[in-house]
2 protein chains.
Amino acid sequence: MTAPRIRPNLTQIAARLNVSVATVSNALSGKGRVSPEVAERIKATASEMGYVPARAARALRTGRSHVIGLVLPDISNPLFPQIARAIEQAAANVGYAVLIADARDDVSMQTEAIERLLERGVDGIVVVPRRGSRIAEIGSPVAVIDSPSTPGNTVSADHWQGGRLVMSHLLSLGHRKVLILGNDPTSNVQNDRVGGMRSCHPHVVEVMWAERIERQGEPGQPLRLAEKFAQGFTAFATVSDLLAIRALTELLGAGIGVPEQASVSGFDDLLWSSVVRPALTTVRMDLPLIAERAITALTDAIEHSLATPERPLSFGSVKLAAPALERVPMTLVVRQTTARASDAGTANIKTVQHGGRYQ
Amino acid sequence: MTAPRIRPNLTQIAARLNVSVATVSNALSGKGRVSPEVAERIKATASEMGYVPARAARALRTGRSHVIGLVLPDISNPLFPQIARAIEQAAANVGYAVLIADARDDVSMQTEAIERLLERGVDGIVVVPRRGSRIAEIGSPVAVIDSPSTPGNTVSADHWQGGRLVMSHLLSLGHRKVLILGNDPTSNVQNDRVGGMRSCHPHVVEVMWAERIERQGEPGQPLRLAEKFAQGFTAFATVSDLLAIRALTELLGAGIGVPEQASVSGFDDLLWSSVVRPALTTVRMDLPLIAERAITALTDAIEHSLATPERPLSFGSVKLAAPALERVPMTLVVRQTTARASDAGTANIKTVQHGGRYQ
DNA sequence: CTGAAAGCGCTTACAG
DNA sequence: CTGAAAGCGCTTACAG
């Protein structure tokens, strides 16, 4: 039986080759000056023995766990998977794993979540803060992703510009009365989106803040969009795909044709927006880019934090190098055009594939 | 300045109190026999100094990271947040953190994800396998969550019973022609759900496998449900809320009243099912319970694995203690009843709150 | 280019 | 009940 049963360590590799553990360590990390031949033999033997470095030992010695935390305002938010995936990817690219924590839409739980992660020994934290909350100095590197209107923000999508994108598209289709639909007036993100929309042509739009459906099983009040349609509104521009689908089903159920008689647009480009019929025009964030920026800012902060190998991370004195806020542009995804703008014929549904967006 | 800037360690606490680190360690862990008075003083001093145990050191010494991995088939699956949250909760309850890995709907990436987690030093892994894949011996404790039809499964929802629940409800409403809608004939979960539905009354149902919408931006073919309706089908029983909403918008768009003329049901009780109008009747898994069972099985396996403090986890020889598969019953959430079964008047939409389910 | 040694912070037999 | 000591597996000055 040649296969080793136990996780080999550096000492065992060293013993096998009659070299020191220091040399093995150096060869494997490529740091120390080791002769190419020896390094080669060591690497070969290591992989042959199935060597996997013990993270705990490395972390103990270097003071770096190479794990970061991701604090999300609410895991049940449909956008969460995309965020989580983007952060995970960006972190993995630079050698970090991600521990996810859920603030459950509660500021005090958000604080707790941060503390829990710190106790877990993360090197830094990415926070998507609950709306209206501020991330205090936490004694550890931090990157914040929110709307550009949030103070202390690190990076975020340009929600205002996204709002302009979708509204100017609707106006270009010929709509003259547009109802803007939000459901959380305290959200910086929603306000930015609404603000961008309104800025295009304030005279043809009206804003409506719908009741928020927080929990499952509570359908909430109808939006009474049929009444709005009767008042002459032909476009319903919402701040989220969720709200858009609520609007869409209500309009369809009232016998109003979409997109023939009215347009519905969302935000975020969730899978749902392309699954409904007609599919929704929506606006998408460049999450991979946002995540990359956040991770870069965070890992920079981690590297520049006071910790040295011999003197690990100190509490209460680490600051970000005051990075400039980055605004990442959003992208319009057109899936509905009205009869006026599209070819007559078929169902007046026009789908623009991934290549066919414009900014 | 009294606040210590540096993370204190056991040695510093010990020095402050003129005791040994062993005593401090014992007092804090409650393990060793330490006199109550000393233990008290130590605990007080530790918290006053803001002591936080160094996980890396503990992990190195004990051979346990107290981190587990969660491998998911596809993070963009809308059910993922609920699963992640449930597992996280259940794991946190027993002192474990969770590292999430995404298989991106690809078997080889699933294997990679497992390996990555193992290299990260997790103590065990919970896998929700990609449909059709088998989890090989991975040399580490594992718990598998899938359908009961999946071999090697640890725990899962009773999808078959869930199918029976929703179908018998539809039949009780008076439907005589029911179209069952799935979109992945290779999925054990979907097959179980469909099987359960069919088993209720095979003569009144027909099964249709729709094209799967995998990527955003590709709306896919219409389901042509209006034709089915014309053939006399009055209930559309889908295997997922996603498919249900696709069906719902198509029916509404074709001028078919829901729920007055036709019923639509889903599976999973996602937020979306209560946001659309009319809200969807659906079936829900008891994810908290499933997660708890999975975590219990996993932590048992971890504790019984061959590793001892002095001889850490071995590779290739750890097995689960062949636990019996657990089937966790599902719950019906009724949100639509047809005219026949409900009071006349209003919109024939009846919502059953969380208290009002039945199994 | 290579190695001996110290030390990261903890836990755990073992001795007193 | 308390403490001295070893050791988990690594990395990193430092010496040769």
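Lettering of chains follows the sequences in order, A, B, ..., and the numbering in each one begins at 1. Everything numeric in this text was worked out from a predicted model, so none of it was measured.
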Between [atom2] of [N] and [atom1] of [X], the distance in whole Å:
X	N	atom1	atom2	result
B:L60	C:dG9	CG	P	12 Å
A:L28	D:dT12	CG	P	13 Å
A:R64	D:dT12	CZ	C1'	15 Å
A:Y51	D:dG9	OH	P	10 Å
B:R41	D:dC1	CZ	P	16 Å
A:R55	C:dC8	CZ	C1'	17 Å
B:E40	D:dC1	CD	P	15 Å
A:Q12	D:dG9	CD	C1'	10 Å

Problem set entry | Minimum heavy-atom distance between A:R130 and A:P73, given as atom pair plus value |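 Distance-wise, the nearest heavy atoms are CA-CB, 3.8 Å.
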
For this session: Return the 5'-most residue of the pair B:P36, B:A57 with respect to DNA chain D, ranking by each residue's nearest nucleotide.
Result: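 Its nucleotide being nearer the 5' end, the pick is B:P36.
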
Using only atom types and a distance under 3.5 Å, with no angle test, would you say the side chain of [X] pairs donor to acceptor with the backbone of [Y]?
X	Y	answer
A:N153	A:D146	yes
A:T62	A:R58	yes
A:T45	A:R41	yes

For this session: Go ahead and write out DNA chain C as dot-bracket, 5' to 3': ( ) for pairs within the strand, [ ] for ones crossing earlier pairs, | when the partner sits on another strand, dots for unpaired; Watson-Crick or G-U wobble, both distances under 3.5 Å.
Result: |||.||||||||.|||

On the nucleotide [N], are OP1 or OP2 found under 4.0 Å from the side-chain N or O atoms that [X] carries?
X	N	answer
B:R58	C:dG9	no
B:T62	D:dC8	no
A:K31	D:dT11	no
A:T11	D:dC10	no

Exercise. Rounded to the nearest 0.5 Å, what separation is found between the CG atom of A:L298 and the OH atom of A:Y96?
Worked result: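 Between A:L298 CG and A:Y96 OH, I get 7.5 Å after rounding to 0.5 Å.
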
Would you say [Y] and [X] are linked by a side-chain donor-acceptor pair, where the criterion is simply a distance under 3.5 Å?
X	Y	result
A:T154	A:R293	no
A:S20	A:T23	yes
A:R327	A:S156	no

Problem set entry | Among C:dT2, C:dC10, D:dT2, the one nearest A:V38 by side-chain distance |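 Looking only at heavy atoms from C-beta outward on A:V38, the closest nucleotide is C:dT2.
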
Exercise. Among C:dC10, C:dT11, C:dG9, which nucleotide sits nearest the side chain of B:S25?
Worked result: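 Within the option list, the nearest is C:dT11.
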
Polar atom pairs (N or O), protein with nucleotides 3-6 of chain C, under 3.5 Å:
residue: C:dG3; atom: OP2; partner: A:S20; partner atom: N; Å: 3.0
residue: C:dG3; atom: OP2; partner: A:S20; partner atom: OG; Å: 3.4
residue: C:dG3; atom: OP2; partner: A:T23; partner atom: OG1; Å: 2.9

Problem set entry | A:N188, A:D105, A:D74 screened by side-chain hydrogen bond (donor to acceptor under 3.5 Å, both in side chains) with A:R131, the one that passes |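 Of the listed options, the one satisfying the test is A:D105.
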
Problem set entry | Full working for side-chain contact (heavy atoms from CB on, under 4.5 Å) between A:I68 and A:L117 | CA-CA 8 Å; A:I68 61 170; A:L117 289 172; over 6 Å; no

